[in-house]
Amino acid sequence: MPYPFLHGLNPEQRAAVTLPHESALILAGAGSGKTRVLTTRIAYLIQSGQATPHGLLAVTFTNKAAKEMIARLSAMLPINTRGMWIGTFHGLCNRLLRAHHREAGLPALFQILDSSDQLSAIKRLLKALNVDEEKYPPKQVQHFINSSKDEGLRAEAVEAYDPFTRQMQEVFLEYDKQCQREGVVDFAELLLRSYELLSRDNALREHYQNRFRHILVDEFQDTNRLQYRWLKLLAGPGCAMFAVGDDDQSIYAFRGAHVGNMREFERDFAVQQVIKLEQNYRSHGNILDAANALIHHNNGRLGKNLWTSEGSGEPIRLFEAATDQEEAAYIVDETKALQREGIALTDIAILYRSNAQSRVLEHALFSAGLPYRVYGGLRFFERQEIKHALAYLRLIASSEDDGALLRVINFPARGIGARSLEQLQDAAKQRGVSLYEAACMKVLGGKGGTAIGNFAAMLEALRETCHGLPLPEQIEHVIEASGLAQHYRSEKEGAERLENLNELVNAAAGFVAENEAQRSFGEDSPVEGGLGRSQNEEDHSLAAFSSDVTPSGLVSSESLELPKRQLQAFLTHAALESGERQAEAGVAAVQLMTVHAAKGLEFHAVFLTGLEEGLFPHDNSRNESDGLEEERRLMYVAITRARRRLYISYAQSRMLHGQFRYGLVSRFLDEIPAQLLKAVNTRRAYTETQSAWASPSAPAAARRSSAAPDSPWHFGQNVSHPKFGAGVIINCEGSGAEARVEVKFRNAGSKWLALEYAKLTAM
DNA sequence: ACTACGAGACTTTTT
DNA sequence: GTCTCGTAGT
């Protein structure tokens, strides 16, 4: 058999993989081997000579998915995947815009704003325009701008019939002007810019259309309108689009995803083949039956029913708790039982609809001494110390970047207050120059703003020293010379931040090493991303194209010396890939996350919590059209995460926003056939055996009784510290080596202490 | 320039 | 309940 990787595929999967050259829609249910089909399809196309690695484009939503695809592909085929156009929408657009920045009207070193950068840019703009932030909240402005762009609309194209919208439109317009001035691009702009570039520039578009004869899209149900239009533009007459998705797992409508794209795709591309992958390799029958029955309540589905060749398995366990605390206590007990059965903690997940629910669960797990990991906190490149360091680096790369300058002009504090800043901004505006340039004039001008002059001089020195240095050394130098290191050294909570800054240097070293490895393969650098260098037989047309028709993009970035290119590439990397969510991967710990975050993952056992009206489905979903259906799809996603065992629980009352809320049982539970559910414990039965939990009169005693013997620390525990004396544990955070507790001391106030280091003794 | 206090939010989130 | 943000006060 010529295609060994086709082995082990079921008939539908195989049909999808070996489809002829035509556009197709693959409806891939949860756990049906979607990623496998997608990657095997690519391997098949290449192996059978229907496509070259160069001639296909594969799009995903997350960097993780793109990496996964690349990893699997290189395991299947001995090809160099690094130069291939496999990536996220944003990553690929970035690549396009870097290569053709001049045609796109962007500077070679344009910087990318993440959402928090964008928000501060908007706040700054609102102040400059004297727009009332009460009436036009920055967040709302941000949403207005982004959702307009996601629909493919520029400010001029927005329909504004009322004064409010007209003002929004005005801000939108000014915002884009500001970005252009400062040489920065937000996420939505990456897409819109490259869309506009491709639709305006016929030669360029035709070039890419001729190149990409196959376009493969993952998670197609999550595409927004602009992304779909972008794909349509890139798909020329001879292009086959292979779209994989699951309308039942569309849970991102709230951020612009348009499931309707699936039907439109069928129509627009005259799709002959809709292949359904319905065989599920993940879950036992009862779990799938529950998911199928639930999702059946949605209207307008493309239609799909999951099945498995495995048995029905265990029933779904349903637990009714009196309170959220009791719910948590039950989960702790069951987790311990699972652990005793030999289930790895990493294979157990606790899911919730909203982040606010995690607290109670964390407390219970902590008290029980069960290690846990919460997904969804700050990520590496979002940390303030990292953003500060990156802002200095951005200023080295591009002097126009006012946002970066404002971030660090007085951090660490160097005596530049609001007044001198205002003067600087006025001066810059008057002369029509960037803040950086205005600051430099203060150096030349001599007296006046000496603090600002010193700052500008420091930046100049920074640039000077970094010039020609390898990237990691540049960063090291910036961290020291900017005073960031000193600042965090003198701050009492600064140790961790220093460590992160150190980690930034390591990350840069790793990044450079990886890129050098690519380069030595004779590949495209990530910056130009695939243009300019002849690699395989198709490339000479491309090289000719780049130098004859659109030489500028390439030539100018190639003319940059290596360290500068490295810096730019690293800044892009930092913006586009905010870093791993997991702090301590590989550590045996129960996984806590929202249902959204669980999409794409699977676990042996899943606890699905908070099945109460108002929480799940969430109250706020009621206003939105299709809101309830999206909540139901969310529930569907949650159920299908479980391989073997699924627990569903709800609480009769729970603490929410500082007060008790009494929720009815979620309607979703009525939509699951009763015979699939087994009530494991009524509230009364459970509270009788664990009566301490239900006793509201003695919460401290209740908590104490819950503490596992294997953990000496829990809430209400009286402790003693050699320096601070006697106190009581009032809060906790983290687990394992990173566990910290907050102790309220009798005479020394409250302190956060790392359990690993603090010499605490139980009393 | 830094701290302190009060007001208001608060569903989900990748890039 | 708890966190963030912005302003007012020292």
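Side chains included, hydrogens not; waters and symmetry mates left out as well; all remaining heavy atoms used. Each chain gets a letter, A, B and so on, in the order its sequence line appears, and its residues count up from 1.
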- Query: Side-chain N or O of Arg359(A) less than 4.0 angstrom from OP1 or OP2 on dC10(B)?
  - Reply: no

- Side chain to side chain, Leu294(A) and Met635(A), heavy atoms closer than 4.5 Å: yes

- Task: Mind calculating the distance between NZ (Lys123(A)) and P (dC5(C)) to the nearest angstrom?
- Result: 6 Å

- Message: Does any part of the side chain of Gln221(A), heavy atoms only, come nearer than 4.5 Å to the side chain of His258(A), both counted from C-beta?
- Response: no

- Message: For a quick check of understanding: with a heavy-atom distance under 4.0 Å over all strands, which category does Asn63(A) fall into, base, sugar-phosphate or nothing?
- Response: sugar-phosphate

- Query: So what does Lys599(A) hit on the nucleic acid, given a heavy-atom distance under 4.0 Å: a base, only sugar-phosphate, or nothing?
  - Reply: nothing

- Task: Would you indicate what Phe89(A) reaches in the nucleic acid, counting non-hydrogen atoms under 4.0 angstrom: base, sugar-phosphate, or nothing?
- Result: nothing

- Consider the side chain of His596(A), meaning its heavy atoms from C-beta on, and name the nucleotide among dG1(C), dT12(B), dT15(B) that approaches it most closely. dT12(B)

- Separation between the C1' atoms of dT12(B) and dC5(C), rounded to whole Å: 23 Å

- Task: Check whether any side-chain heavy atom of Tyr228(A) sits under 4.5 Å from a side-chain heavy atom of Asn224(A), and report yes or no.
- Result: no

- Message: In this structure, how many angstroms lie between the P atom of dT13(B) and the CG atom of Asn620(A), rounded?
- Response: 14 Å

- Message: Using a 4.0 Å heavy-atom cut-off, does Phe254(A) contact any base of the nucleic acid, only the sugar-phosphate backbone, or nothing at all?
- Response: base

- Task: Please state how far atom NZ in Lys67(A) lies from atom C1' in dT15(B), giving the value in whole angstrom units.
- Result: 13 Å

- From dT11(B), dC2(B), dG1(C), nucleotide with atom closest to Met655(A) side chain: dG1(C)

- Are the ring of His618(A) and the base ring of dT11(B) both nearer than 5.5 Å at their centres and tilted by less than 30°? yes

- Query: Relative to the 5' end of DNA chain B, which residue comes earlier, Gly417(A) or Thr594(A), by the nucleotide with the nearest heavy atom?
  - Reply: Gly417(A)

- Message: Without decimals, in angstroms, what is the distance between Arg622(A) CZ and dT11(B) P?
- Response: 14 Å

- Could you check how far CG of Leu378(A) sits from P of dT4(C), rounded to whole Å? 9 Å

- Item | Side-chain heavy atoms of Glu68(A) within contact of Thr35(A), under 4.5 Å | yes

- Query: Roughly how many Å is it from CG in Leu576(A) to P in dT14(B), rounded to a whole number?
  - Reply: 14 Å

- Query: Between atom CZ in Arg632(A) and atom P in dT12(B), what is the gap in whole Å?
  - Reply: 21 Å

- Query: Base, sugar-phosphate, or nothing: which does Leu351(A) touch, judged by heavy atoms less than 4.0 Å apart?
  - Reply: nothing

- Message: Taking the minimum atom-to-atom distance to the side chain of Tyr252(A), which one of dT13(B), dA1(B), dT11(B) wins?
- Response: dT13(B)

- Have a look at Asn355(A) and say if it touches a base, only the backbone sugar-phosphate, or nothing, with a 4.0 Å heavy-atom cut-off. sugar-phosphate

- Where the side chain of Phe187(A) is defined as all heavy atoms beyond and including C-beta, which of dG1(C), dT13(B), dT15(B) is the nearest nucleotide? dT15(B)

- Note on the structure: Regarding the side chain of Thr62(A), the nearest nucleotide among dT14(B), dG6(C), dT11(B) is dT14(B)

- Pair Arg229(A) + Glu151(A): basic N to acidic O under 4.0 Å: no

- Once you round it to whole Å, what is the distance between C1' of dT15(B) and CD of Glu219(A)? 14 Å

- Of the candidates dT11(B), dG1(C), dT13(B), the side chain of Arg353(A) sits closest to dT11(B)

- Query: Choosing from dC2(B), dC10(B), dT15(B), which nucleotide comes nearest the side chain of Thr88(A)?
  - Reply: dT15(B)

- Across the strands shown, which category fits Glu624(A) at heavy-atom distances under 4.0 angstrom: base, sugar-phosphate, nothing? base

- Query: Between Val171(A) and Tyr136(A), is any pair of side-chain heavy atoms under 4.5 Å apart?
  - Reply: no

